[in-house]
Amino acid sequence: MDNPNFFGIRHLSPAGAYYLRCFLDEKQPELVLVEAPSDFNDILKDITREETKPPVAVLAYTKEVPVKTILYPFAEYSPEYQAILWCYETGTELRFIDLPSETFLAIPEHGTISTEGEESRNNVYSRLDKISGEDGQETFWERTMEQAKDFEAYQEGTQSFGANLRSLTEGKENDWAETVLREAYMRQQIKDAIDDGINPGNIVVVTGSYHIEGLKNWQDGGGDFSKMPKTEAVHTLMPYSYYRLSTRAGYGAGNKAPAYYSLLWEGFNRNEPEYSAYSYMVKLAAYLRKTGNPVSAASVIEAVRLAEALAMLRNGSRPALRDLRDAAVTCIGEGSFPAISMGVADTEIGTVIGTLPDGVSRTSIQEDFYRQLKDLKLEKYRTIVLQDLILDLRENRRVKSEKSAFMDLHRSFFLHQLRILGVSFAKLEITNQDNATWQEKWSIHWTPEAEIELVESALKGDTIAGAASFEMKERVENAAGMGQIALVIEDACYCGMEKAACYATAALQKMAVDTVSVEELAETAHRLSVIIQYGNIRKADPEPLKPMLCQLFYRSCLILESACTCDDTASNMVIEAITKLDNAELAHDFLDKEEWIKVLGNISRHDNLNTRLSGFAAAILLERGNMDTEQLRTEVSRRLSAGTPASLGAGWFEGLAMKNKYALIARLSLWESLNVYLMALEDEEFKKALVFLRRAFAGFSAAEKDQIAENLGEILGLNGQETSEAVNTVLDKDSQQIIDSLDDFDFDI
């Protein structure tokens with residue numbers, strides 16, 4: 001019995017795609033069998049539509065969490081894609097014959113296929129690189145197959161390549177178990193087709209050149225595959241990009257330069273073998289000129305000539321990519337690759353993204369994504385080139401329709417919902433402005449990963465908003481603390497999702513009853529305060545949050561004093577909590593100011609609390625005008641007295657100096673008291689005090705230190721300028737060592 005017509009390919013090969021069409025034109029087969037998952041037949045009608053522009057990819061994914069995915073990408077110059085188009089154009093039957101995607105997705109879960117052969121596989125390709133005689137197998141493949149002078153030369157090259165590659169793996173079938181199973185399955189598919197009554201001579205099998213030897217004994221079939229592991233899988237056709245097709249992006253079956261290979265494909269179709277060389281240099285020069293780097297026509301011509309000469313020296317029939325790049329560096333980059341690196345990336349890899357007709361093979365959440373891109377006029381950002389988007393959330397009063405007036409606000413809602421879902425289409429940039437301003441800056445670019453992340457989100461909802469709501473509800477249910485729930489409320493506000501905010505607020509209210517950490521209460525109060533202050537810019541109703549903020553604030557007041565019984569390490573967190581609560585009270589007149597001042601007064605006066613926190617509370621009261629000069633003098637005299645241990649007195653002063661420094665500097669009586677206190681200390685106590693004072697004054701600027709020096713000069717009867725110079729002079733090495741050693745001072749002495 002005759003054998004089918006086997007045509008060996010590489011998955012991204014312009015020569016393979018071109019000569020395959022020639023082969024199909026010659027053979028006019030009744031059936032074409034293509035190496036691709038056998039359950040992908042449902043995408044054929046969409047991939048052949050006129051509006052579908054490669055690169056595209058078939059994404060297969062599981063319907064259960066965690067979502068597993070596999071991708072099968074096609075470029076215009078993919079032999080498989082051209083086989084599909086040829087069959088569509090001629091009305092010829094086409095079948096995919098590789099393992100179904102539902103088996104590929106199930107293999108890791110069931111552990112049927114060993115992955116121990118990965119090292120052997122890498123060793124094979126490493127050996128292939130060494131024996132190719134080029135800078136790697138990529139150049140070897142290009143010179144041998146992509147530059148084949150005719151069909152016979154191409155076919156001879158692919159058969160030789162596949163056979164030699166197979167010889168390197170001989171005897172290691174156990175390391176290549178997945179390949180063994182795939183070939184057995186494909187043999188069975190070939191046998192089934194012939195058993196259906198199709199003459200083998202009327203069948204063309206399009207497969208990787210490596211597999212041809214493994215498929216020739218198709219008469220034996222492959223066995224019973226009914227017990228293969230399977231998991232329910234869904235398929236969707238998605239746009240892809242040249243960058244993701246490249247090996248640079250980690251695609252194992254890719255090539256180094258998808259855009260350059262597109263030039264090779266165009267050259268085949270033009271019947272102009274030299275087309276790729278000239279086009280490469282012209283496109284590189286055009287990019288460099290566009291980015292402000294002048295390149296002369298003479299440099300382009302000389303670069304092509306040099307590339308041709310290099311190809312001859314390397315026994316090539318015409319320039320390969322290696323020759324073109326070397327020539328470009330010499331003639332256009334003047335010997336420097338960095339000078340042309342961006343142009344090389346654009347020319348070799350490119351920024352092309354495929355397109356699909358509306359509604360093609362998408363989940364409902366993908367449909368919603370693309371609909372909103374169009375509705376919000378964000379379609380131009382669907383590119384792999386990173387772009388910035390500045391949003392002004394305020395109403396635009398210069399337009400007539402409400403939709404246009406709040407366009408940027410709705411864009412913000414949409415991008416924040418994607419952020420919540422972990423879809424990497426857009427990233428919110430940190431700016432110098434507060435997080436409640438009317439402006440946002442986003443960095444946006446499309447990647448196939450973003451499409452996959454969208455598909456994975458389909459299990460959470462049918463729309464972007466629905467999935468984001470589900471995600472936030474899960475976060476609330478799994479929250480370990482109030483801060484996590486408060487963050488959900490904040491996110492719901494950013495997303496314009498009022499219902500999610502209400503749900504999270506109810507959960508927050510329940511949790512607040514049992515929370516005993518003032519730091520967590522303060523952080524939560526701070527987030528709610530910001531939303532209430534600035535939520536109106538996002539059309540968020542602040543009223544439901546006000547009772548919650550009052551509850552948190554009052555509870556914080558009840559436990560704050562006890563939280564101040566702590567060591568200096570913990571005092572940093574308490575200081576941050578006090579600051580947030582103070583800011584919240586200042587921002588909202590519905591919070592209990594009288595209770596807050598009372599709590600701060602107790603903390604500032606009590607001796608059994610951390611003195612640093614007592615000083616900080618006094619600083620707030622002083623800043624608010626709730627402590628006058630006489631009260632401050634009394635407190636200073638009490639805290640900075642000879643009977644008070646140095647660590648306590650200086651620690652109190654450190655807390656006092658953390659706020660409103662100019663108000664302290666202006667009070668000469670404070671510095672008089674500090675001077676008297678220090679002068680009265682014994683040497684050992686002075687060392688202890690010096691450690692705290694050094695830390696306190698570290699936060700003062702040079703100008704503030706000048707003013708302090710003037711005060712000290714006046715108190716000590718010294719020249720203010722000389723005192724300032726002494727205070728601000730950099731210490732010599734010995735003095736600095738003495739000061740540094742005080743940090744390790746034993747306070748228990």
Side-chain angles (χ1 to χ4, degrees), residues 11-12 14 17 51-57 59 71-78 81 138 237-251 253-267 269 275-293 295 300 321 324-325 328 332-333 337-357 366 369-370 373-374 377-389 415 418 423-427 429 442-454:
H11 292 294
L12 291 169
E51 303 93 332
T52 300
K53 305 296 181 185
V56 295
L59 173 68
L71 271 170
Y72 292 85
F74 300 100
E76 185 181 13
Y77 52 82
S78 293
Y81 178 70
E138 186 86 15
L237 194 62
M238 58 177 278
Y240 215 58
S241 69
Y242 272 176
Y243 176 76
R244 294 306 304 173
L245 282 174
S246 69
T247 51
R248 179 180 293 189
Y251 177 45
N255 53 49
K256 289 183 179 179
Y260 167 71
Y261 272 56
S262 181
L263 297 179
L264 290 175
W265 169 247
E266 195 169 346
N269 288 290
Y275 178 83
S276 58
Y278 285 103
S279 297
Y280 179 95
M281 293 300 178
V282 169
K283 287 181 176 293
L284 174 60
Y287 180 90
L288 294 173
R289 287 173 180 173
K290 184 179 179 181
T291 54
N293 299 289
V295 179
V300 174
L321 180 59
L324 293 170
R325 182 185 284 194
I332 298 178
F337 177 72
I340 63 170
S341 59
M342 296 300 293
V344 167
D346 183 76
T347 307
E348 294 182 4
I349 297 176
T351 58
V352 174
I353 297 177
T355 58
L356 294 172
Q366 287 173 286
F369 173 79
Y370 285 101
L373 278 189
K374 184 176 182 179
K377 298 183 167 80
L378 292 173
E379 288 180 300
K380 69 176 182 178
Y381 293 94
R382 193 182 151 272
T383 168
I384 67 169
V385 178
L386 191 66
Q387 300 181 73
D388 289 334
L389 173 64
L415 295 178
L418 293 176
V423 177
S424 54
F425 175 67
K427 178 184 177 184
E429 297 292 337
W442 293 83
S443 295
I444 304 180
H445 72 129
W446 183 92
T447 63
E449 285 81 4
E451 193 90 28
I452 295 172
E453 289 155 359
L454 272 175

Between Phe74 and Tyr81, what is the ring plane arrangement, given parallel below 30°, perpendicular above 60°, and tilted in between?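 Phe74 vs Tyr81 ring planes: tilted.
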Could you tell me the separation between the [atom1] atom of [X] and the [atom2] atom of [Y], rounded to the nearest 0.5 Å?
{"X": "Ile384", "Y": "Thr447", "atom1": "CD1", "atom2": "OG1", "value": "9.5 Å"}
{"X": "Leu59", "Y": "Leu237", "atom1": "CG", "atom2": "CG", "value": "9.5 Å"}
{"X": "Asp346", "Y": "Leu288", "atom1": "CG", "atom2": "CG", "value": "9.0 Å"}

Any [X] side-chain heavy atom under 4.5 Å of [Y] side chain:
{"X": "Tyr280", "Y": "Leu321", "result": "yes"}
{"X": "Thr355", "Y": "Thr52", "result": "no"}
{"X": "Leu356", "Y": "Glu51", "result": "no"}
{"X": "Tyr287", "Y": "Met342", "result": "yes"}
{"X": "Pro239", "Y": "Glu451", "result": "yes"}

My understanding is that only residues two or more places apart in sequence, or in another chain, count here; which of them pass side chain to side chain donor-acceptor pair (under 3.5 Å) with Glu76?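 Expected list: none.
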With sequence neighbours excluded, what pairs up with Ser443 under the side chain to side chain donor-acceptor pair (under 3.5 Å) test?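 For Ser443 the side chain to side chain donor-acceptor pair (under 3.5 Å) partners, ignoring immediate neighbours, are Asp388, Glu429.
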For the backbone of [Y] and the side chain of [X], can you confirm whether one donor and one acceptor N or O come within less than 3.5 Å of each other?
{"X": "Arg382", "Y": "His445", "result": "no"}
{"X": "Glu453", "Y": "Ser424", "result": "yes"}
{"X": "Asn269", "Y": "Trp265", "result": "yes"}
{"X": "Ser246", "Y": "Tyr243", "result": "yes"}

Please name all residues satisfying ring-ring contact (aromatic ring centres under 6.0 Å, His included) with Tyr77, sequence neighbours left out, ordered by chain then number.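 So Tyr77 forms no ring-ring contact (aromatic ring centres under 6.0 Å, His included) with any residue.
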Using the test ring-ring contact (aromatic ring centres under 6.0 Å, His included), find all partners of Trp446 that sit at least two apart in sequence or belong to another chain.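 Partners of Trp446 by the ring-ring contact (aromatic ring centres under 6.0 Å, His included) criterion come out as none, since no residue qualifies.
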Flag yes if more than 12 heavy atoms outside Tyr278 fall under 6.0 Å of its OH atom; otherwise flag no.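 At most 12 heavy atoms, drawn from other residues, nucleotides or ligands, come within 6.0 Å of this atom.
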Counterpart residues, side chain to side chain contact (heavy atoms under 4.5 Å, CB included), relative to Ala57 (two or more places apart):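 Ala57: side chain to side chain contact (heavy atoms under 4.5 Å, CB included) contacts with Leu71, Pro73, Met238, Tyr240.
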Pairing residues for Glu266 by the salt bridge (charged side-chain N to carboxylate O under 4.0 Å, His left out) criterion, not counting sequence neighbours: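 Counting only residues at least two positions away or on another chain, Glu266 forms a salt bridge (charged side-chain N to carboxylate O under 4.0 Å, His left out) with Arg270.
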Quick check on the 6.0 Å ring-centre criterion: do Phe369 and Phe425 meet it?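 So the answer is yes for these two rings.
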